[in-house]
Amino acid sequence: MGFIFSKSMNENMKIQQEFMLMNARLQLERQLIMQNEMRERQMAMQIASSREFLKYFGTFFGIAATSGASKRKKPAFLFPIIPLGFVFTYQYDLGCGTLLQRMKGEAKNIRETEKSTLQLPKGMISFESLEKARREQSKFFIDK
């Protein structure tokens with residue numbers, strides 16, 4: 001009698017473990033999808049912000065360049081156009097050009113060839129290190 005009861009308990013426990021594993025996997029997949037969605041939204045907002053800034057800065061740059069050139073005949077007044085031109089070019093490349101693709105390529109290259117620069121100072125965070133820090137912190141609060 002006890003054997004039959006024990007056998008059904010083991011089967012129920014295996015079913016429960018499989019269910020928990022499936023549930024954990026589903027939760028992880030949802031988290032990954034959500035994180036990717038948030039990343040895509042943030043990147044889209046950054047690109048849109050850059051394009052908006054480009055419109056205003058382009059207008060400012062155009063007015064500054066034409067008014068400086070038309071009002072003053074001295075070339076010294078055109079000097080600020082050079083650094084403003086670099087800022088304008090950068091913003092144009094970021095908003096409408098291929099800067100993001102080049103940045104992604106460089107990031108991929110860094111991840112593949114320079115892994116040591118990306119490592120954390122004390123290594124990867126582990127459950128044990130978090131638990132140790134939690135215990136130390138709870139002792140700190142209990143003592144006071």
Side-chain angles (χ1 to χ4, degrees), residues 1-70 75-144:
M1 182 80 176
F3 177 72
I4 295 172
F5 184 70
S6 173
K7 187 177 178 182
S8 69
M9 287 292 287
N10 285 341
E11 289 176 9
N12 285 340
M13 192 165 71
K14 284 183 183 179
I15 291 171
Q16 186 68 20
Q17 286 175 343
E18 289 174 5
F19 174 75
M20 289 172 61
L21 181 64
M22 183 185 69
N23 199 17
R25 181 182 174 136
L26 184 63
Q27 184 178 5
L28 179 63
E29 288 175 357
R30 285 178 178 157
Q31 286 177 349
L32 290 173
I33 290 170
M34 183 182 67
Q35 287 175 350
N36 190 49
E37 180 73 21
M38 293 302 293
R39 181 191 61 82
E40 287 178 357
R41 288 181 183 192
Q42 288 173 345
M43 286 185 70
M45 283 298 293
Q46 188 176 14
I47 292 169
S49 172
S50 177
R51 288 180 182 172
E52 240 355 84
F53 179 78
L54 180 65
K55 292 175 188 175
Y56 287 97
F57 186 77
T59 304
F60 166 74
F61 179 73
I63 291 171
T66 55
S67 67
S70 64
F77 288 105
L78 296 176
F79 181 72
I81 292 176
I82 295 170
L84 290 176
F86 281 109
V87 174
F88 181 77
T89 304
Y90 174 80
Q91 286 297 324
Y92 178 80
D93 198 16
L94 181 63
C96 303
T98 60
L99 180 63
L100 285 176
Q101 284 78 21
R102 293 193 312 267
M103 289 170 65
K104 287 178 189 176
E106 184 62 26
K108 183 179 178 183
N109 183 37
I110 290 169
R111 290 189 66 195
E112 290 173 354
T113 60
E114 302 175 30
K115 281 195 178 275
S116 62
T117 59
L118 300 176
Q119 292 176 350
L120 295 171
K122 291 185 176 182
M124 187 70 170
I125 297 172
S126 66
F127 177 76
E128 290 80 19
S129 64
L130 287 173
E131 194 62 19
K132 181 182 175 185
R134 185 194 63 80
R135 277 191 227 113
E136 288 175 1
Q137 188 177 20
S138 66
K139 285 179 187 176
F140 176 73
F141 288 120
I142 290 172
D143 291 340
K144 288 193 173 197

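This chain uses plain numbering: 1 for the first residue, then up along the sequence. Predicted model, so just to flag it, every value in this text is computed and none were measured.
By the 30° and 60° cut-offs, the orientation of the rings of F57 relative to F61 is parallel.
S129 places no side-chain N or O within 3.5 Å of a backbone atom of I125 that could act as its donor or acceptor partner. Between the side chain of T89 and the backbone N or O of G85, at least one donor-acceptor pair lies under 3.5 Å.
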| Between I47 and R51, is a side chain to side chain contact (heavy atoms under 4.5 Å, CB included) present by the stated rule, with each step listed? | CA-CA 6 Å; I47 292 169; R51 288 180 182 172; 3.7 Å; yes

| Audit row: M43, E40, side chain to side chain contact (heavy atoms under 4.5 Å, CB included) steps and yes/no | CA-CA 5 Å; M43 286 185 70; E40 287 178 357; 5.8 Å; no

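Between the CD1 atom of I15 and the CG atom of N10 there is a distance of 11.0 Å, given to the nearest 0.5 Å. Here the CD atom belonging to Q31 is positioned 13.5 Å from the CG atom belonging to N36, to the nearest 0.5 angstrom. Interatomic distance, R30 CZ to I33 CD1, rounded to the nearest 0.5 Å: 9.0 Å. Rounding to the nearest 0.5 Å gives a distance of 13.0 Å between OG of S49 and CD of Q42. Separating the NZ atom in K132 from the CZ atom in R135 is a distance of 9.5 Å, to the nearest 0.5 Å. A distance of 10.0 Å separates CE in M45 from CD in E52, rounded to the nearest 0.5 Å.
Counting heavy atoms from C-beta outward, Y90 and L99 have side chains that approach closer than 4.5 Å.
Contact record, D93 with T98: OD1-N, 3.1 Å, taken as the closest heavy-atom pair. Of all heavy-atom pairs between G95 and S50, the closest is N-OG, 3.6 Å.
Under a cut-off of 6.0 angstrom, the local environment of CZ in R39 is crowded, with over 12 non-hydrogen atoms contributed by other residues, nucleotides or ligands. More than 12 heavy atoms of other residues, nucleotides or ligands shown are found within 6.0 angstrom of CZ on F53.
Residues meeting the side chain to side chain donor-acceptor pair (under 3.5 Å) test with Q46, sequence neighbours left out: none. In this structure, the side-chain contact (heavy atoms from CB on, under 4.5 Å) partners of R111, at least two apart in sequence or on a different chain, are L118.
Look at K14 and E18 and you find no salt bridge, because none of the NZ, NE, NH1 or NH2 atoms lies under 4.0 Å from a carboxylate O. Under the 4.0 Å criterion applied to side-chain N and carboxylate O atoms, R25 and E29 are assigned as salt-bridge partners.
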